[in-house]
Amino acid sequence: MEKIYTYDCTLRDGEQGAGIALSMEDKLRIVERLDAFGIDYIEGGFPASNPKDIEFFQRVGKLKLKNARIAAFGSACHKDVPADQDKGLADLLSCGAPVVALVGKAWDQQVTRVLETTLEENLRMISDSVAYLVGAGREVVLDAEHFFDGYKANPEYALACVGAAVDAGASMISLCETNGGALPFEVEEITAAVVAAFPQVNVGIHAHNDSGCAVANSLGAVRAGAKHVQGTINGIGERVGNADLLTIIANLELKMGRVCVGPEKLRELSNVASFVADSCNQSVWSHHPYVGASAFAHKGGLHASAIARFPQAYEHVSPDAVGNRAQLLVSELAGKASLVGRARSLGIDLEQYPKRVPAILEDIKQRENKGYSYESADGSLAMLIWSHLGQVKPHFTLESFRVIVDDYEDRGAFAKDAMSEATIKVHVDGKRVVATGEGAGPVGALDNALRMAISEVYPEVAQMELVDFKVRILDENVGTDAITRVMIFTRNGEHIWGTIGVSENIIEASWNALVDSIEFGLFKLGK
């Protein structure tokens, strides 16, 4: 089975999508999750374009990745500027990323009307930039921008741009369908021409979804000989988005006989989709191919009757193959297997408790119906399982809490004068403790108050740091009575775990997630 290399652009192209904003911790968690999933290349963004991306490359280089290579993204040197004197190329080198994705114009109209330079100078810019970066020890991917438009307008020049990069030492050529307007038969035909012209280099595809064909275009390129595919998780990105890398991977592995991450990792597909969506404070579209909640949902009547006898009648692949499930007719055994596998990843051996598994599954189902989601909330899921196994003895119990917020008139864009004060009454180690904490917000104040109350008995809480907090309104149609889902991520050294709380009251939901985060951390420490 032929290997097709995967190249993820979520942290660069994906973050350019409307409404997408990732924190530093989000970006690093996504890198670690995609690396564990088996993605080959992860593009991190523009070095030196903003403080967050500068810090990202500093921190991502310290991660112990097993599969992925980190790529920095930038442009070829400026016109009339030697490569070794170009600041942008210097930034790409100084960030330390082992791979550089270099944008080079491949459409003659873009060269003359946007870059406002000659066609010959553009070829020089591509060639010198690639040679300079390769000479500095970097693996270089040429992003041939607007390649398909360029090829249709002037095929000789578009191929000359690719040739300039290949001759200078680029290891991969990414044919960018930048406008998203090409159709699959066009992409397949043009990709085949490039593969034939440059058999010595790894040709790939980078597609946008403006015409709804991004995934189909990517698959067509592979049919024509492309060896790597680029895309974003869940297809997020500018305008209507990029090619969905997860859908591409599933189609390549299950339908086209190629290998991207392998069948074992492919079972994590739905989890990866939800993990990244949660990090973006979004939900996976329920009708999303392969990974959506309704991707294998069946109503009653003829469909339900037929699928009970012959699942292939209405399921083009097995839901288990991509870590999803049929909503109505999933077998009890398959449900158990999924839960047992997830518990095993948390260090819990449910095979020792076969009679407890159905009750745990039913509890999870009921909670998810009320708004819980455990894809990223590994800490809360572990606490739920442990409680069913009778292994949870709370480290503290709440009597009550109260939160006060003081604010003063300040209409500045970065107003910071609001302060919160939380008073909690808890019982810990047989004693009643009252503690008051302050913070910029109510959750921070509750966190500080809880730590003050229990730190004498459990000094280990000092090692736990609340690193991220996300709020999602689950039913926007009922206004202030809407159910609120709160996700909290906590770090203890190199380990990060997520916990969840759901309530009509955002403070109560936050408290429940906060309690799970502290309890899980103490349990993991053997307390």
Side-chain angles (χ1 to χ4, degrees), residues 7 9 12-14 16-17 43 45-46 71 73-79 88 100-130 140-166 168 170 172-195 197-198 201-218 220-221 224 226 228-232 235 237-243:
Y7 186 112
C9 306
R12 200 266 305 173
D13 251 11
Q16 293 177 192
E43 193 171 271
F46 302 87
F73 181 87
S75 298
C77 64
H78 291 76
K79 63 179 180 180
V100 173
L102 198 69
V103 174
K105 302 289 187 184
W107 186 2
D108 56 4
Q109 293 296 306
Q110 283 273 319
V111 174
T112 57
R113 300 176 66 175
V114 177
L115 291 182
E116 297 182 328
T117 190
T118 65
L119 301 185
E120 292 75 16
E121 173 62 8
N122 182 58
L123 294 176
R124 194 280 308 173
M125 292 157 61
I126 294 173
S127 177
D128 286 5
S129 298
V130 172
V140 177
V141 181
L142 177 73
D143 273 5
E145 191 179 30
H146 289 97
F147 182 82
F148 293 91
D149 290 312
Y151 187 92
K152 286 186 280 187
N154 186 340
E156 292 79 11
Y157 186 73
L159 290 173
C161 293
V162 172
V166 172
M172 293 198 297
I173 302 296
S174 174
L175 306 180
C176 298
E177 211 285 275
T178 310
N179 280 339
L183 299 177
F185 67 90
E186 296 175 303
V187 170
E188 187 167 347
E189 179 182 335
I190 293 172
T191 302
V194 179
V195 170
F198 302 99
V201 72
N202 182 332
V203 175
I205 179 71
H206 176 107
H208 287 256
N209 202 38
D210 298 73
S211 59
C213 295
V215 170
N217 285 341
S218 300
H228 87 267
V229 289
Q230 297 194 7
T232 62
E238 197 167 22
R239 304 189 307 275
V240 299
N242 288 47

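- Looking at Ser127, its side chain never comes within 3.5 Å of a backbone N or O of Ala168 through a donor-acceptor pair.
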Report task. Kindly determine whether Asp149 and Thr178 satisfy side-chain contact (heavy atoms from CB on, under 4.5 Å), including the steps that lead there. Result -> CA-CA 8 Å; Asp149 290 312; Thr178 310; 5.8 Å; no
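- Annotation for Ala192 and Ala224: closest pair N-CB, 3.6 Å, computed over non-hydrogen atoms.
- With hydrogens and angles ignored, the 3.5 Å screen pairs no side-chain donor or acceptor of Glu43 with any backbone N or O of Ala101.
- Here Glu145 contributes atom CD and Ser75 contributes atom OG; the two are 7.5 Å apart, rounded to the nearest 0.5 Å.
- The closest side-chain heavy-atom distance from Phe198 to Val162 is below 4.5 Å.
- Tyr157 contributes a side-chain N or O that, together with a main-chain N or O of Leu119, makes up a donor-acceptor pair within less than 3.5 Å.
- Across Met125 and Thr117, no two heavy atoms sit closer than the pair SD-CG2, 4.5 Å.
- Applying the salt bridge (charged side-chain N to carboxylate O under 4.0 Å, His left out) test to every pair with at least one member in residues 184-195, sequence neighbours left out, gives these pairs: Lys152-Glu186, Glu188-Arg223.
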Report task. Determine, stepwise, if the pair Thr232 / Arg12 fulfils side-chain contact (heavy atoms from CB on, under 4.5 Å). Result -> CA-CA 9 Å; Thr232 62; Arg12 200 266 305 173; over 6 Å; no
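- Among all heavy-atom pairs drawn from Asp143 and Ser174, the shortest one is OD1-CB, 3.2 Å.
- Residues Glu121 and His78 share a closest heavy-atom pair of OE2-O, 4.5 Å.
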Requested in this report: Just do the side-chain contact (heavy atoms from CB on, under 4.5 Å) check on Asn179 and Phe148 with the steps written out, would you?
Outcome: CA-CA 9 Å; Asn179 280 339; Phe148 293 91; over 6 Å; no
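- Remark: His228 engages no residue in a ring-ring contact (aromatic ring centres under 6.0 Å, His included) (not counting sequence neighbours).
- With hydrogens and angles disregarded, a donor-acceptor distance shorter than 3.5 Å links the side chain of Asn209 to the backbone of Ala214.
- To the nearest 0.5 angstrom, Cys77 atom SG is 4.0 Å from Arg124 atom CZ.
- Nearest approach of Ala165 to Leu142, heavy atoms of both residues: CB-CD2, 3.5 Å.
- Across every non-hydrogen atom of Ala106 and Cys161, the tightest pair is CA-SG, 3.9 Å.
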